[in-house]
Amino acid sequence: MILVTGGAGFIGTNFVLDWLTQSDEEIINLDNLTYAGNLENLASLKDDKRHIFIKGDICDSTLILSLLTKYKPRAIINFAAESHVDRSIQDPEGFIQTNIVGTFRLLETTRAYWGTLELEMRQKFRFLHISTDEVYGSLSNGEEAFDENHRYEPNSPYSASKAASDHLIRAYHHTYDLPVLTTNCSNNYGPYQFPEKLIPLIIVNALTDKPLPVYGDGQQIRDWLYVKDHCDAIRLVLEAGAPGETYNIGGRNEKPNINIVHTVCALLDTLHPRTDGKRYHQQITFVTDRPGHDRRYAINSKKIECELGWKSAETFETGIQKTVQWYLDNQSWVQSVQSGTYRLWIDKNYKGRGL
Ligand code: NAD
Ligand code: DAU
């Protein structure tokens with residue numbers, strides 16, 4: 001079996017659901033259900049014995065060691081993190097705790113467990129750490145996309161905490177030979193993404209007749225990757241990646257934010273037109289920029305494409321259409337995740353921006 005952390009969040013949910021459609025290998029899912037974790041995402045697995053959910057914190061060494069000893073996983077995939085840049089700017093402490101201390105505790109307990117394994121299992125064991133392109137900093141237009149050798153230059157408390165965790169992963173391989181793998185991917189989008197992130201926030205605000213907030217001039221560029229393509233890449237790296245290596249995963253879909261917002265508005269105009277004859281783009285509102293806002297991310301995925309044969313299946317056009325349709329078809333999920341704490345966050349983040 002394998003152990004995943006953060007499997008009730010956006011990418012983790014998609015990964016767990018995908019895994020169990022493709023394999024009968026059991027998954028232990030360790031998640032402490034922060035505001036971003038939602039067990040409802042995994043309701044379809046309620047009676048599925050292949051999915052064992054444990055509510056717990058990756059900082060809890062005693063719990064992790066007991067899980068490792070009890071279930072003896074052949075691999076660990078670490079998705080668990082505080083993941084929202086704007087929250088890291090408002091309140092960085094939790095990012096240091098989960099992303100740095102949590103990764104450290106996972107590594108330490110894994111090192112202890114791995115040391116007890118018999119040779120064959122020791123050799124086959126893998127620890128796969130899910131990281132981000134943000135650790136590389138910001139590109140200007142015309143600069144080469146990030147490859148795996150790009151210097152680390154994180155600019156936000158979030159990306160700095162992820163960079164620190166990547167360095168710990170690297171050090172555990174270099175010092176202890178722990179068979180680790182790291183993936184650094186670009187912006188994911190797709191089903192189950194919490195509506196604090198750009199694409200689901202725009203869909204949710206559009207449908208409730210609220211302003212569609214675009215930071216600064218809206219010309220910041222992100223490289224969009226459909227979440228199921230990311231999950232395929234993770235499975236491939238887990239099975240065929242070389243220990244100690246890093247693989248960058250991107251969608252080859254560099255788009256300015258304002259274009260993303262217009263694309264979502266146009267899709268909604270077709271799939272769910274406003275009843276008053278107006279167009280959704282009329283709700284777009286430019287607001288105060290994110291402090292330290294990175295201008296451009298772009299990923300060079302050649303290594304994973306050439307060495308492991310990965311290729312994304314979705315174009316941005318097909319992926320975004322599926323995503324908007326998923327949110328339209330899952331209105332009860334959308335409503336259920338907009339709790340009181342969600343509304344508090346929205347007030348906190350957008351009031352100061354002039355909304
Ligand atoms: P998310 O915020 O949607 O989910 C994070 C999950 O981790 C939640 O279920 C949460 O409950 C859980 N969690 C948080 N702290 C925990 C702790 N201390 N112990 C146990 N569980 C904890 O995040 P996501 O978008 O699914 O991102 C998953 C991973 O991928 C993160 O490591 C993130 O840095 C990375 N990543 C995300 C993107 C993206 O575009 N979403 C891109 C690149 C990398
Ligand atoms: O690049 C990978 C990263 O992508 C991941 O590591 C992070 O976990 C993930 O959250 C994401 O970070 P971003 O900051 O790029 O994602 P976000 O959806 O928050 O913002 C995308 C872009 O849209 C960014 O340039 C900021 C802008 N934006 C965002 C929000 C929430 C707006 O213009 N308006 C908004 O309301």
Side-chain angles (χ1 to χ4, degrees), residues 1-60 62-84 98 102 106 109 128 130 188-197 199-200 203-204 207 226-235 238-239 319 322-343 345:
M1 61 168 62
I2 65 166
L3 185 150
V4 302
T5 69
F10 163 48
I11 303 175
T13 289
N14 280 283
F15 182 83
V16 169
L17 294 175
D18 259 21
W19 180 271
L20 292 174
T21 61
Q22 315 213 7
S23 155
D24 276 334
E25 190 175 9
E26 290 165 292
I27 283 203
I28 314 156
N29 183 355
L30 173 69
D31 192 305
N32 71 345
L33 300 179
T34 67
Y35 77 90
N38 184 357
L39 259 189
E40 279 303 301
N41 299 355
L42 301 164
S44 62
L45 303 177
K46 199 162 66 71
D47 298 318
D48 193 327
K49 296 212 165 15
R50 297 170 304 165
H51 178 241
I52 302 163
F53 181 79
I54 313 278
K55 185 175 183 315
D57 195 320
I58 60 165
C59 299
D60 183 346
T62 311
L63 171 67
I64 297 162
L65 203 50
S66 76
L67 292 176
L68 296 177
T69 312
K70 178 171 176 193
Y71 292 108
K72 301 205 178 333
R74 70 167 174 100
I76 297 175
I77 308 180
N78 183 29
F79 292 97
E82 289 294 338
S83 69
H84 191 31
T98 286
L106 260 186
T109 45
L128 169 45
I130 307 299
N188 283 220
Y189 67 102
Y192 300 105
Q193 187 167 30
F194 192 72
E196 63 185 355
K197 308 283 167 59
I199 289 178
I203 299 171
V204 166
L207 294 175
Y226 192 62
V227 64
K228 286 196 177 0
D229 282 330
H230 184 201
C231 294
D232 289 346
I234 294 169
R235 281 197 306 274
L238 184 66
E239 298 318 326
K322 283 183 184 174
T323 303
V324 172
Q325 191 64 58
W326 186 88
Y327 281 87
L328 287 171
D329 293 343
N330 289 276
Q331 282 299 305
S332 58
W333 181 92
V334 169
Q335 270 144 29
S336 74
V337 297
Q338 294 181 71
S339 62
T341 50
Y342 173 76
R343 286 192 294 277
W345 163 251

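Everything quoted here is computed from the prediction, not taken from an experiment. Values below: all heavy atoms of this structure, side chains included; hydrogens, waters and symmetry mates excluded.
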Hey, what do you get for [atom1] ([X]) to [atom2] ([Y]), rounding to the nearest 0.5 Å?
X	Y	atom1	atom2	result
K70	I28	NZ	CD1	9.0 Å
H51	N29	NE2	CG	4.0 Å
L39	K46	CG	NZ	11.5 Å
S339	N38	OG	CG	10.0 Å
D18	H230	CG	NE2	11.5 Å
L128	I234	CG	CD1	6.5 Å

Is the shortest heavy-atom distance from the side chain of [X] to the side chain of [Y] under 4.5 Å?
X	Y	value
T109	L67	no
I203	P195	no
R50	S23	no
T98	N32	no
Y226	T323	yes
T341	W345	no
I64	L106	yes
L45	F53	no

Test side chain to side chain contact (heavy atoms under 4.5 Å, CB included) applied to L63 and L30, step by step = CA-CA 10 Å; L63 171 67; L30 173 69; 3.8 Å; yes
In terms of the angle between their ring planes, are Y192 and W326 parallel, tilted or perpendicular, with boundaries placed at 30° and 60°?
-> tilted
Do side-chain atoms of N14 reach the backbone of V227 as a donor and acceptor pair under 3.5 angstrom?
->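 Judged by distance alone, no pair lies under 3.5 Å.
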Donor-acceptor pair, N41 side chain versus T13 backbone, under 3.5 Å?
-> no
Salt-bridge test for R74 and E239: reply yes if a basic N is under 4.0 Å from a carboxylate O, no otherwise.
-> yes
Closest heavy-atom contact between [X] and [Y]?
X	Y	value
Y71	M1	CB-SD, 3.4 Å
T5	A80	OG1-N, 3.1 Å
Q193	W333	O-CH2, 3.5 Å
A8	L42	CA-CD1, 4.2 Å

Assess the side chains of Q325 and D329: does a donor N or O sit below 3.5 Å from an acceptor N or O?
->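 Their side chains do contain a donor-acceptor pair, which is all the 3.5 Å distance test asks for.
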Would you find more than 12 non-hydrogen atoms of other residues, nucleotides or ligands less than 6.0 Å from E25 atom CD?
-> yes
Using ring-ring contact (aromatic ring centres under 6.0 Å, His included) as the criterion, list what pairs up with F15, not counting sequence neighbours.
->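 Partners of F15 by the ring-ring contact (aromatic ring centres under 6.0 Å, His included) criterion, ordered by chain and then number, come out as W19, F79.
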Residues in ring-ring contact (aromatic ring centres under 6.0 Å, His included) contact with Y35, at least two apart in sequence or another chain =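 Applying ring-ring contact (aromatic ring centres under 6.0 Å, His included) to Y35 gives F194.
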Just do the side chain to side chain contact (heavy atoms under 4.5 Å, CB included) check on F10 and N188 with the steps written out, would you?
-> CA-CA 9 Å; F10 163 48; N188 283 220; 3.5 Å; yes
Side chain to side chain contact (heavy atoms under 4.5 Å, CB included) assessment of K322 paired with K228 = CA-CA 11 Å; K322 283 183 184 174; K228 286 196 177 0; over 6 Å; no
